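If you're wondering where the values come from, they're calculated on a predicted model, not measured in any experiment. Just so it is clear: chains get the letters A, B, ... in the order the sequence lines come, proteins before strands, and each one is counted from 1.
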Amino acid sequence: MELDKRILKILAILRKTYPDAQIPLHHKNPLQLLVATILSAQCTDERVNMVTPELFKKYKNANDFAVAMQPELEKSIHSTGFYKAKSKNIIGCCKMLVEKYGGKVPNRLEDLVQLPGVGRKTANVVLGGVWDIPGVVVDTHVKRLTYRMGLTKNTDPEKIEQDIMKLLPAKDWNDFTMSLIYHGRQVCIARKPRCHECPVSELCPKVGVE
DNA sequence: CTCCCGATAT
DNA sequence: ATATCAGGAG
């Protein structure tokens, strides 16, 4: 079967399997999603959700983060790991938001990626989660699943992003990546993928799966 | 390619 | 005790 036919079938099944696949990061505004997503680097969303309620009670806007004392911020986010780098990035990031964007989160990928601690993955999560702007989020799950499913031969996240964008219309990018992430967490897990309970098993060449 | 780091499952 | 989870910067 042709690649572009196969990916559409996979998407249709995943949509039915995970009808309300959405960003699991708790947030009430663009800034909160941006900060939560920075924190989610190399950390589970569940853990991020454990620290953000207190964090957002203490820091309510970009300026609060911009003038934060780093050691204090470090304490608030400690359990998410890489807390020194993340604190530094969040402060630097929010300083830039205040100086260049009036304390608001910009809605263009090129701008977001300039912010400290924000790469393409984080930027695309924010664009999709806040403004529903189409984008392919390539996190560790999307990287692993697209490769296993034979939808890309690349291992570089940016190349994978391009490959998927070529295979699907823009309106499907967000649904596809969100449902892939859910599927990657529950069924097509890294260690021992549960191929027997996988609804897209028939459509999957299982590249690199033992 | 190396460094940044804690939490949980095994 | 050790493996696994899970992005970005330099």
Novice: Nearest of dC4(B), dG6(B), dG8(C) to any side-chain atom of Tyr83(A)?
Specialist: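 Nearest nucleotide to the side chain: dG6(B).
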Novice: Expressed in whole Å, how much space separates the C1' atoms belonging to dC3(B) and dA6(C)?
Specialist: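 So the two C1' atoms sit 15 Å from each other.
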Novice: Remember a base hit wins even if backbone is also touched, and classify Pro116(A) as base, sugar-phosphate or nothing at under 4.0 Å, heavy atoms.
Specialist: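 It contacts sugar-phosphate atoms only.
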Novice: Figure out the CG/P separation between Asp139(A) and dT4(C), and round it to whole Å.
Specialist: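 Result: 19 Å.
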Novice: Under 4.0 Å between any heavy atoms, over every strand shown, what does Leu39(A) touch: base, sugar-phosphate, or nothing? Just pick one.
Specialist: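 No contact.
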Novice: For the OG1 atom of Thr152(A) and the CG atom of Asp163(A), what is their distance to the nearest 0.5 Å?
Specialist: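 Thr152(A) OG1 to Asp163(A) CG: 3.5 Å, rounded to 0.5 Å.
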Novice: Check this for me: does any side-chain nitrogen of one of Arg15(A) and Asp172(A) sit under 4.0 Å from a carboxylate oxygen of the other?
Specialist: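 Asp172(A) and Arg15(A): salt-bridged.
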Novice: Which listed nucleotide (dA6(C), dG8(C), dA7(B)) is nearest to the side chain of Ser79(A)?
Specialist: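 The answer is dA7(B).
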Novice: Nearest whole Å is fine: how far is dA6(C) P from His141(A) NE2?
Specialist: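 Going from His141(A) (NE2) to dA6(C) (P), I get 4 Å.
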Novice: Would you measure the distance from the P atom in dC5(C) across to the matching atom in dC4(B) and give it in whole Å?
Specialist: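 Pairwise P distance, dC5(C) against dC4(B), rounds to 22 Å.
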Novice: Starting at CD1 of Ile160(A) and ending at P of dG7(C), how long is that distance when rounded to a whole Å?
Specialist: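 Computing the Ile160(A):CD1 to dG7(C):P distance gives 13 Å.
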Novice: Verify whether one side chain among Ser201(A) and Lys206(A) offers a donor that lies under 3.5 Å from an acceptor in the other.
Specialist: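 Present: a donor and an acceptor within the cut-off.
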Novice: Round to the nearest Å and state the distance from Met96(A) atom CE to dA9(C) atom C1'.
Specialist: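 Nearest whole value for this atom pair: 13 Å.
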Novice: Can you name the atoms? Protein N/O to nucleotides 8-10 of chain B N/O, anything below 3.5 Å, with the distance.
Specialist:
unit_1 : atom_1 : unit_2   : atom_2 : d
dT8(B) : OP1    : Arg47(A) : NH2    : 2.5

Novice: Using 30° and 60° as the class limits, which term best fits the ring planes of Phe65(A) and Phe56(A): parallel, tilted or perpendicular?
Specialist: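 Because their plane-to-plane angle is over 60°, the rings of Phe65(A) and Phe56(A) count as perpendicular.
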Novice: Please tell me whether Glu74(A) and Gln70(A) have a donor and an acceptor in their side chains that are separated by less than 3.5 angstrom.
Specialist: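 Note: Glu74(A) and Gln70(A) side chains meet the donor-acceptor criterion.
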Novice: Look at all strands and tell whether Thr80(A) reaches a base, only sugar-phosphate, or nothing, counting heavy atoms closer than 4.0 Å.
Specialist: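 It contacts nothing in the nucleic acid.
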Novice: Separation of Arg185(A) atom CZ from dA6(C) atom P, in whole Å?
Specialist: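 About 7 Å, once rounded to whole Å.
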Novice: On the nucleotide dC4(B), are OP1 or OP2 found under 4.0 Å from the side-chain N or O atoms that Lys84(A) carries?
Specialist: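 Lys84(A) to dC4(B) OP1/OP2: no side-chain N or O under 4.0 Å.
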Novice: Between Lys171(A) and Asp132(A), is there a salt bridge with N-O shorter than 4.0 Å?
Specialist: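 Looking at Lys171(A) together with Asp132(A), the answer is no, because their closest N to O distance does not fall below 4.0 Å.
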Novice: dC5(C) C1' sits how many Å from Gln42(A) CD, rounded?
Specialist: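 The distance from CD of Gln42(A) to C1' of dC5(C) comes to 8 Å, rounded to the nearest Å.
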Novice: Heavy atoms from C-beta onward define the side chain here; which of dA6(C), dG6(B), dG8(C) lies closest to that of Thr122(A)?
Specialist: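 Of the options given, the side chain of Thr122(A) lies nearest dG8(C).
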Novice: Near Met1(A) CE, under 6.0 Å, is it more than 12 heavy atoms from other residues, nucleotides or ligands?
Specialist: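 Check passes, neighbour count above 12.
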Novice: Quick one: is His78(A) getting a side-chain N or O under 4.0 Å of the dC5(B) phosphate, OP1 or OP2?
Specialist: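 Result: no.
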Novice: Is Lys57(A) paired with Glu54(A) through a side-chain N to carboxylate O contact shorter than 4.0 Å?
Specialist: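 Lys57(A) and Glu54(A): salt-bridged.
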Novice: Would you mind reading off the distance between Lys86(A) atom NZ and dA6(C) atom P, rounded to a whole angstrom?
Specialist: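 For the pair Lys86(A) NZ and dA6(C) P, the rounded distance is 12 Å.
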Novice: If you assign each of Asn89(A) and Cys43(A) to its closest nucleotide in DNA chain C, which residue comes earlier from the 5' end?
Specialist: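 So the residue in question is Cys43(A).
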Novice: Round to the nearest Å and state the distance from Lys88(A) atom NZ to dC5(B) atom P.
Specialist: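 Taking NZ of Lys88(A) and P of dC5(B), I get 11 Å after rounding.
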Novice: For the P atoms, the ones on dT4(C) and on dC5(B), what distance do you get once it is rounded to whole angstrom?
Specialist: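 So the two P atoms sit 23 Å from each other.
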Novice: Report the nucleotide, chosen from dG7(C), dG6(B), dA6(C), that has the shortest atom-to-atom distance to any side-chain atom of Thr44(A).
Specialist: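 The answer is dA6(C), which lies nearest to the side chain.
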